[in-house]
Amino acid sequence: MNCTQLIDQNAQGTFLAATCPTARTASSLHTLSSQRRQRPLTPTSCLTRNYTKDTDKLEEFRAREEQRERERDAAEQLAAKKTQSDAGGGGGGAGAGAGLGGQQQSHQSEEEAGKQAKVDGIRQKILDAAMEHVPQHGWSKQAIVLGAESCGYPSVVHGMFPEGGFALVSHFNGKCNAELVQYLQHQTDNGQKLDVGDPLDFLVRAVRKRLEMIVPYKTQWPQAMALIAQPQHASTALAQVLTLVDDICYYSGDRSVDFGWYTRRIGLATIMKMTELYMLQDTSAGHTKTWEFLKNRMDEAVQLQMALAQTEGMTHTFQRSFNSAFITARNILGLGYSRN
Amino acid sequence: MATTTTTTTEQTTHFGYQTVKESEKQQKVREVFEQVAKSYDLMNDAMSLGIHRVWKDIFIERLGPTHGMRLLDMAGGTGDISFRYLKYLAKQPNPEQRSSHVTVSDINQEMLNVGEARARQLGLTVDQLPSVASIDWRCADAEKLPFNDDSFTAYTIAFGIRNCTHVDKVLSEAYRVLQPGGRFMCLEFSHLENEAMQWLYDQYSFQVIPPMGQLLAGQWHAYQYLVESIRRFPRQDQFKAMIEEAGFVHASYENLTFGVVSIHSGFKL
């Protein structure tokens, strides 16, 4: 299964779909050649990401994708069998039998999917209610307990969030990322408008918008950053950051298919983290000093890039080291294997 | 899990590696626990080298008791889980002065007597407890609970469910007495993933435990039944499926000590 088909499946909010730069740019340019695909591609279907499941574990995501792969393979086999039987007229019984089996399986998985959706809805509701208690109780089990009780559930449902405070943090991050993506889509007509003026300015505006969403929880944010830094949460945290950074770069008009794709995203992630840390100790009105800091870091990054471009040999080394850092991050997420 | 045979009158089930009539199993299990009740805690320490205390501590950690919880500790006999629950609550601050409750229930009155004696010793009786938590001791059959619907927020059963004749009935009764949002948790011996380790575990179970039972408690056959019943219990995934069939959602399990014991959990949502 190649990357294009991965995007067809509307990959849910992780970096998986975005690790193939060629596929993403290619698919958006080939919306007209939909006749050859099984489902017609529209720009929104390949660019929207469903962020409601950011709290899912990666294993569950992979299991879902593999299940879909299997179902599609079964459907393809069925279609192949059908064409054979249509042509031959003899294998009709076999085709019908396989069809019924496939239907039953899809009923079962529909039921399970329905139950899972119901549980996910309740989880979202509890986490949303828990956010109101964060300023007083921090990103903790206590906030989740209070949120659950305000929804009418007994406090024991906090057991649905074994990772405790981090569940709240990743839920909040997922919500903010989704909000930012909506804003970016609105700004650029769903990624169609490739000319967004000065790309640097666009990036600064996007990062600023995202960091401003943290301001209501600023006093508790150091605790959140500590939770994100814990190694047991590394994979989810990394996935969220990389997806966010990828989205921002994409909507800023980056359609590159070379190593610059990696370097730009890693660079932006670093700048975002630095600015976030700076913001935590910034006491100026409206965080003006933070936005200045951000602009300076962006300018420095551009200067660094220009300096590297002038020294070709060294650029290769840096590009390779960025590339290897990126591949290490992918391996941490367990996405290092080739799906071809 | 009952196995149907072609007897004319009734179905049979397993009692360890023997096959007995379903009506007999409950009586035979009762006899086993009557015999072992007095030395139950001593034998637990000896057989598991004290690790059962860690398992039960982790079990209560996973439940994460909060004030205001109403716990039904089924097959709670000698009170290990309930006492841990009360101690955990005592360590939590209670700014709103909520009152919590635990009902310790067991089919065997002997086990409950031992539990009540221990409670008196530890100072956890009704009159001595702080006003924030109350404890109640009831003799009841897990397949036919004498409690109202929706009367508990949490249900735990530790090392008891494998002795029940109809596990599915126990699960549906648990579902009935839990409030919406309530949690079912089960701590039980389970199956190891690693075959070599399973062999080692089998050797220990069959060669060491019954003789130890004879030496320390004077009961060989009771402990033979106990180790056999562990092997007859469904595997982790199967039991998880049974929990989901009873109506619980978000079912999961966590293996401890490579799968020697497993904590299963489900929510009534």
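In what follows, every chain begins at residue 1, and chains take the letters A, B, ... in the order their sequences are listed.
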Inset, instruction - Return yes if some donor-acceptor pair links the side-chain N/O of A/H158 with the main-chain N/O of B/G64 below 3.5 Å, else return no. - result: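 Flag set: sc A/H158 to bb B/G64 pair under 3.5 Å.
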Legend entry - Heavy-atom contact with chain B under 4.5 Å, split by part of A/V119: side chain
Inset, instruction - Determine the minimum heavy-atom distance between B/G182 and A/P154, stating which atoms define it. - result: N-CG, 4.1 Å
Inset, instruction - Could you pull out the closest heavy-atom pair between A/V156 and B/A154, with the gap in Å? - result: CG2-CB, 4.2 Å
For atom [atom1] of [X], is the number of surrounding heavy atoms from other residues, nucleotides or ligands below 6.0 Å larger than 12?
X      : atom1 : answer
A/K218 : NZ    : yes
A/Q281 : CD    : yes
A/Q230 : CD    : yes
A/Q232 : CD    : yes

Inset, instruction - Verify side chain to side chain contact (heavy atoms under 4.5 Å, CB included) between B/H250 and A/R123, making sure each step is shown before the conclusion. - result: CA-CA 11 Å; B/H250 203 74; A/R123 283 176 62 113; 3.5 Å; yes
Legend entry - Contact winner vs chain A - B/Q179, B/R183, B/R70, heavy-atom pairs under 4.5 Å: B/R183
Legend entry - Residues B/R98, A/E149: salt bridge by 4.0 Å N-O rule: yes
Inset, instruction - To the nearest 0.5 Å, tell me how far A/M160 CE sits from B/S265 OG. - result: 10.0 Å
Legend entry - B/L269 vs A/Y153 side-chain heavy atoms within contact, under 4.5 Å: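 Heavy-atom side-chain distance check passes, below 4.5 Å.
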